[in-house]
Amino acid sequence: MKKKFFKLLAKINKAILPSYSKKELNLAKANKFQMAIIGWRTYVTKRALD
């Protein structure tokens with residue numbers, strides 16, 4: 001159940017949130033909001049893959 005929820009959430013994130021890897025964002029120059037989005041996407045992806 002938990003894994004299915006995070007897989008669904010990952011699909012929603014992919015559709016809604018921006019992809020900074022495609023934009024070649026430098027992490028050293030990212031602002032706090034961009035870092036929060038990166039962290040959230042990483043958390044959800046890790047949970048979906050477990």
Side-chain angles (χ1 to χ4, degrees):
M1 171 83 180
K2 199 178 211 184
K3 190 172 183 179
K4 287 183 182 181
F5 172 74
F6 279 106
K7 283 190 176 193
L8 176 67
L9 195 56
K11 287 182 183 181
I12 294 170
N13 283 348
K14 186 175 181 181
I16 295 175
L17 296 177
S19 175
Y20 292 122
S21 61
K22 289 181 183 176
K23 295 180 182 179
E24 297 181 10
L25 176 71
N26 185 358
L27 292 178
K29 294 182 180 179
N31 62 30
K32 296 220 183 257
F33 182 71
Q34 291 169 329
M35 292 299 284
I37 290 175
I38 292 167
W40 172 251
R41 289 185 70 150
T42 304
Y43 173 77
V44 170
T45 301
K46 184 177 176 184
R47 295 289 177 156
L49 293 175
D50 284 341

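Numbering of residues begins at 1 and proceeds along the displayed sequence.
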Handout entry: Closest non-hydrogen atom pair, P18 against K23
Key = CB-NZ, 3.9 Å

Completion exercise
For M35 and A30 the tightest heavy-atom approach is SD-CB, 3.8 Å

Problem - Residues in side-chain contact (heavy atoms from CB on, under 4.5 Å) contact with T45, at least two apart in sequence or another chain - result: L49

Problem - S19 side chain near K14 side chain, heavy-atom distance below 4.5 Å - result: no

Exercise for the section: Supply the atom-to-atom distance L9 CG to R41 CZ, rounded to the nearest 0.5 angstrom. Expected result: 11.0 Å

Problem - Sub-4.5 Å side-chain heavy-atom contact between Q34 and L27 - result: no

Handout entry: Smallest separation among heavy atoms of V44 and F6, with atom names
Key = CG1-O, 3.7 Å

Problem - Close side-chain approach of L25 to I38, heavy-atom, < 4.5 Å - result: yes

